[in-house]
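Values below: every heavy atom of this structure, side chains too, minus hydrogens, waters and symmetry copies. Start at 1 and go down the list; that is how both ligands and their atoms are numbered.
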Amino acid sequence: MPAVPNITLNNGVEIPQLGFGVFQVPPEKTKEATLSALDVGYRHIDTAEMYGNEKEVGQAVRESGIDRAELFVTSKLNNGFHAHDDALAAFDQSLADLDIGYLDLFLIHWPLPKVGDFVETWKALEEVYRSGRAKAIGVSNFQPHHLRRLLDETDVVPAVNQIEVHPYLTQETARAFGAEHGIATEAWSPIAQGLVLKDPVITSIADRLGKSAAQVTLRWHIQRGDIVFPKSVTRSRVEENFALFDFELTEGDMSEISALNRDERTGPNPDEFNYVP
Ligand SMILES: NC(=O)C1=CN([C@@H]2O[C@H](COP(=O)(O)OP(=O)(O)OC[C@H]3O[C@@H](n4cnc5c(N)ncnc54)[C@H](OP(=O)(O)O)[C@@H]3O)[C@@H](O)[C@H]2O)C=CC1
Ligand SMILES: O=C(O)C(=O)[C@@H](O)[C@H](O)C(=O)CO
């Protein structure tokens, strides 16, 4: 099977463009699901303190027997820890729970514009980055105007912005802002948790190519250059979602899928989401 390409982040760190997400994977199933994904060939895992399964992701990484340097693990700062010292302590806790030596990427999970000042939070992540315990740092769910503040008021440009992207929410403005400033876009809920899989445009392309609707949708993300990490606890789907590199969508296919955009979110709007557990 052709290899998963790497994307080079703005500090030179390489990230596999396709990974495995573990949101809503219960902790008791996470070690097995992650080991299964690693067995299929995934080398990039996306978790978060919020998901409650960092320990189990770490167990899978350690038990897999795969060289740590071949793996890319992301985690995220939960919403209750935006104050500077809380952010530093939360990073320490995530790393202790994962117990994998270092994180490849650590993100502010949500900007929470009414909760505190994410610029202060970002400065804590810069300290973590300088310590070498996270090889790259980034943000999640940041709008261009949030990113603008980080660019204007802090030193390290986020390596990634992880945002909701799928055919019904193509995020052209946020992706263009990222591209202009060297911030890679990571597309969360890349198949919109299944919502787009019955779309007739996608199923008709899938039928023509002899691929599944999920494969066509994920391939659309890959050809747009975004980083994706679909979640599944179903081995056959985990395999299916990995088999994206032996076919191509035409420019016409790409345009047809992009034209499905209707600015429809499945998750919260980051300008309005201020939830702290
Ligand atoms: N930063 C953020 O705020 C957020 C980040 N994320 C990240 O993005 C990852 C992916 O997003 P997520 O919300 O999980 O949604 P996805 O778009 O990856 O969809 C997951 C759902 O689709 C099903 N599914 C997966 N593959 C297939 C397939 N080939 N055919 C049919 N159904 C399929 C899964 O079912 P099953 O498991 O039963 O097989 C599950 O119900 C998360 O795991 C997390 O890492 C997600 C949300 C927010
Ligand atoms: O999965 C994530 O990473 C999230 O941030 C979501 O769970 C998000 O917080 C949400 O769905 C809130 O309803």
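Residue contacts with ligand 1 for Val25 are absent, since no atom lies close enough (heavy atoms, distance under 4.0 Å). The side chain of Tyr51, and not its backbone, has at least one atom closer than 4.0 Å to an atom of ligand 1 (non-hydrogen atoms only; side chain from C-beta on). Contact annotation for Gln193 and ligand 1: heavy atoms of both the backbone and the side chain come within less than 4.0 Å of the ligand. Counting heavy atoms under 4.0 Å from ligand 1, residue Ser232 touches it through both backbone and side chain. Counting heavy atoms closer than 4.0 Å to ligand 1, residue Asn241 contributes side-chain atoms (C-beta onward) but none from N, CA, C or O. Here Val22 has backbone heavy atoms under 4.0 Å from ligand 1, and that is the only part of it that gets that close.
Residue contact annotation: Gly267 has no non-hydrogen atom under 4.0 Å from ligand 1. Ligand 1 is never approached by Ser212 to a heavy-atom distance shorter than 4.0 Å. Heavy atoms of Phe20 come nearer than 4.0 angstrom to ligand 1 in no pair at all. For the pair Gln24 and ligand 1, no heavy-atom separation below 4.0 Å is found.
Nearest protein neighbour of atom 45 (O) of ligand 1, counting heavy atoms only, is Asp46 OD2, 2.7 Å. Protein heavy atom in closest approach to atom 8 (C) of ligand 2: Trp110 CZ2, 3.9 Å. In terms of protein heavy-atom proximity, atom 41 (O) of ligand 1 is nearest to Lys231 NZ, 4.3 Å. For atom 13 (O) of ligand 2, the nearest non-hydrogen atom of the protein is Pro268 CG, 4.1 Å.
Annotation: cation-pi geometry satisfied between Arg68 and Tyr102 (NZ/CZ under 6.0 angstrom from ring centroid, within 45° of ring axis).
When the heavy-atom distances from atom 7 (O) of ligand 2 to Trp188, Tyr51, Phe23 are ranked, the shortest goes to Phe23. Checking Trp188, Phe229, Phe273 against atom 48 (C) of ligand 1, the nearest heavy atom belongs to Trp188.
Close approach to His109 involves these atoms of ligand 2, each under 4.0 Å from a residue heavy atom: 2 (C), 3 (O), 4 (C), 5 (O).
By the ring pair (Phe, Tyr, Trp, His ring centres under 6.0 Å) test, Tyr168 pairs with no residue at all, sequence neighbours left out.
In this model, a donor atom of one side chain and an acceptor atom of the other lie less than 3.5 Å apart for Glu164 and Thr266.
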